[in-house]
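Report on one structure; see the data block that follows.
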Protein chains: 2
Amino acid sequence: MPPSIDQVARRANVSISTVSRVVNRRNVVSEKTRHRVELAIKELGYQPNAFARGLMLRKSEMVGLVLPDLHGEFYSEIIRGANMQARQLGYSLVIASARDTDDAQSLLHGFHGRSIMDGLAIMVSEVTGGIQEVLGTFRLPFVVLDDDIDGADHDSVTIDQLGGARAMMRHLVETCRVSRVFFLGGLETNVDTIARLKAYRQVLGEHQVPFSASDIYHLDYRYETAWEFARQHVSEWVGERHCVFAANDEMASGVVDAAAAAGVKVPEDLAVVGFDDTRVARMTRPPLTTVRVPMAQMGAKAIELLCSRLADPAQPADQVSLQPELIVRESCGANVCGAG
Amino acid sequence: MPPSIDQVARRANVSISTVSRVVNRRNVVSEKTRHRVELAIKELGYQPNAFARGLMLRKSEMVGLVLPDLHGEFYSEIIRGANMQARQLGYSLVIASARDTDDAQSLLHGFHGRSIMDGLAIMVSEVTGGIQEVLGTFRLPFVVLDDDIDGADHDSVTIDQLGGARAMMRHLVETCRVSRVFFLGGLETNVDTIARLKAYRQVLGEHQVPFSASDIYHLDYRYETAWEFARQHVSEWVGERHCVFAANDEMASGVVDAAAAAGVKVPEDLAVVGFDDTRVARMTRPPLTTVRVPMAQMGAKAIELLCSRLADPAQPADQVSLQPELIVRESCGANVCGAG
DNA sequence: TTGTAAGCGTTATCAT
DNA sequence: ATGATAACGCTTACAA
């Protein structure tokens, strides 16, 4: 049984209020008694009971991060950013993620119920509807990540997917002066793929670069799938200033490796670009030109917003959009084409 | 202000003890009053205050996971496994990781101090000494991950690094019948590199395969470094039944890519194998033969041990060793050599 | 079966 | 500057 405040008080010959004052550095305590109390604290190894403290203060200095999944670099980077920011602000981070068996709703509900957290950062992107209602019943302050809910009046942090994809497409068209671009997306229902494809259509349209429905493919974001697919199609793709725009780095890497295996040189015979700037982008030869999605920053920003709301619950909802960054490496041939 | 137990009591015309009994399903409550209480609970949306509860029960149903870093697949997989197991057992997971500025000691100390957690799972592998003392002062139950502290009597879960590396080396020698193996390690001080190098020496010695100090290199576990290094040395490495044993998949992948760039065929001209079985092992062409380190399982096992100790604090310390698994793919040439 | 009341370890308000 | 004492919301003997 750890020592409690009144054991400290007894040992230092003071009242518990004085001990509390010393611990919390509130009010004034005379130099002499403070020393006595601090000595007693050290001798006993006293640490305030967090439950009792929370009961009085109604806060735990803990925030929760709810994610749909924990697989892969994307989520791990969000966690990393969130953790850093939380620590910086004096909070601890509690992770929650659905298991195979249970849906996001019950996860959220359960997590919210225990409610020892001061607030929640919730990622809803992959989640099937019904979230709005659950969020409506929330008593805890929360911020939403990667939100695509319009008109909601809660804090949120999103990433400008369209802007990032447009930056890439414009680089391809304006700097690399590509004559034809093949789009390699994830599933057609994926929100990110939709945004990236939209940019593809927009920018090619704006620059009168012709493309047809048969230039657009939908795979599943996986390296292996892209590799196999590229093995079969890479010979059709080869051409003067031709380029493959893959919707993520894994697929882009698969295409590059398949091209190499087929004797197709990247970027000379075929340019290839990716998206996300995950670790694999730098582990592909040639290194991938891609778009850096600030994942860690998104996690950090979410926690920052949340904690700032905890500090001032009345402030108006803050919707932050994070800007991706075009990363030009070698796979697009920008250096080779010499146009930039 | 959320409703408290006595608001429920008032509304249901019972005492607070009865409400408590209904909530905790302890003792017996008559069917009639139970219904009344449950109705009141639903109407008010009552949820027991976790702090008050913890104050009485002295537990929060939360466990902490302390990691030296959050970068990369290794830690993210540990978190994933730990999270899954924690949820399974009805616990929430709190993450803690040092930031650049602070050392593991202060991290542990701070994290332990807040002590709203019921117990801690602590990874100490990368940590500079002094941990033993800190651990000695712990009041919370804890389990240590990837422990190399001998004779300690706390719960721990480790990975049989030596066994895994020996399995790989034996595969190379016995199945692939290599005539020479180059070792590409991380820093000389890294505990994993040390274990893997030990296996290298042991197995080659046991099978009278000659090797010299100049066959052993120490890099830094990074793809880029290995790629650049291999670019300079790959021509020296080529040879009948020669093989590069890299201490992790990233470096192995770098070697493979550099070999390809130099026109050296893997595995025909030079076999290459890795370690860890991270995502990159399957994203290298040819896919890497490697050793799967059960990272998620380690996280899960740690939480399992911890919770089992929480349930029965008196049980003897449990030291679990997890077995890595040899994964034979194509980069070792086992299929080509036809010896297995 | 249900109610009363005594803690649990804090912080906060008020006297002194 | 310090000390009583009343919350905070809950669980749990013990009593009825």
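Keep in mind that this is a model prediction, so the values were computed, not measured. Reminder, nothing fancy here: chain letters follow the sequence lines and each chain counts from 1. Excluded from the calculations below are hydrogen atoms, water molecules and symmetry mates; all remaining heavy atoms, backbone and side chain alike, are included.
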| Rounded to the nearest Å, what distance is computed from the CG atom of residue A:Asn49 to the C1' atom of nucleotide C:dC8? | 8 Å
| remark: side-chain hydrogen bond (donor to acceptor under 3.5 Å, both in side chains) filter on A:Arg36, not counting sequence neighbours, yields none
| request: Look only at the side chain of A:Asp318 and the backbone of A:Asp155, and say whether a donor-acceptor pair between them is shorter than 3.5 Å. | output: no
| Side chains of A:Glu61 and A:Ser92: donor-acceptor distance under 3.5 Å anywhere? | no
| request: Find the bend of the helix from C:dT1-D:dA16 to C:dT16-D:dA1 as the angle between its two terminal axes (five pairs each), to the nearest 10°. | output: 40°
| Any salt bridge between A:Lys59 and A:Asp118, counting N to O under 4.0 Å? | no
| field | A:Thr158 and A:Gln319: CA distance, side-chain angles, deciding distance, side-chain hydrogen bond (donor to acceptor under 3.5 Å, both in side chains) verdict | value | CA-CA 8 Å; A:Thr158 57; A:Gln319 335 246 77; over 6 Å; no
| message | Could you tell me if B:Ser17 and B:Ser20 have a donor-acceptor pair between their side chains, going purely by distance under 3.5 Å? | response | no
| Is A:Arg309 reaching over with its side chain to a backbone N or O of A:Gln315, donor-acceptor style, under 3.5 angstrom? | yes
| query | Between B:Leu322 and B:Val157, is a side chain to side chain contact (heavy atoms under 4.5 Å, CB included) present by the stated rule, with each step listed? | reply | CA-CA 7 Å; B:Leu322 264 27; B:Val157 30; 3.9 Å; yes
| said: Checking the side chain of A:Asn49 only, and the main-chain atoms of A:Ala52 only, is there a donor and an acceptor separated by less than 3.5 Å? | reply: yes
| request: Would you mind telling me which residue lines up with the more 5' stretch of DNA chain C, B:Ser15 or B:Arg58, judged by nearest nucleotide? | output: B:Ser15
| request: Check the pair A:Val23 / A:Ile41 against side chain to side chain contact (heavy atoms under 4.5 Å, CB included), numbers first and verdict last. | output: CA-CA 9 Å; A:Val23 169; A:Ile41 288 179; 3.9 Å; yes
| request: Sort out for me which residue in A:Leu70, A:Leu65, A:Ile79 forms a side chain to side chain contact (heavy atoms under 4.5 Å, CB included) with A:Ser97. | output: A:Leu70
| Between C:dG9 (C1') and A:Arg10 (CZ): distance, integer Å | 13 Å
| message | Within this structure, what is the CD1-OG distance for the pair A:Ile116 and B:Ser60, rounded to the nearest 0.5 Å? | response | 5.5 Å
| query | Among all residues two or more places apart in sequence or in another chain, which pass the ring pair (Phe, Tyr, Trp, His ring centres under 6.0 Å) test with A:Phe51? | reply | none
Output one line per pair: protein atom, nucleotide atom from nucleotides 11-14 of chain C, and distance, for all N/O pairs under 3.5 Å.
from, atom 1, to, atom 2, distance (Å)
C:dT11, OP1, A:Asn24, OD1, 3.2
C:dT11, OP1, A:Asn24, ND2, 3.0
C:dT11, OP1, A:Arg53, NE, 3.0
C:dT11, OP1, A:Arg53, NH2, 3.4
C:dT11, OP2, A:Ser20, OG, 2.7
C:dT11, OP2, A:Asn24, ND2, 3.3
C:dA12, OP2, A:Arg26, NE, 3.3

| task | Using heavy atoms and a sub-4.0 Å distance, could you list which residues of residues 28-39 of chain A are near DNA chain D? By number, please. | result | A:Val28, A:Val29, A:Ser30, A:Thr33
| message | For chain A and DNA chain D, what are the first and last nucleotides along the strand, 5' to 3', with at least one atom under 4.0 angstrom from a heavy atom of the protein chain? | response | D:dA1 to D:dG9
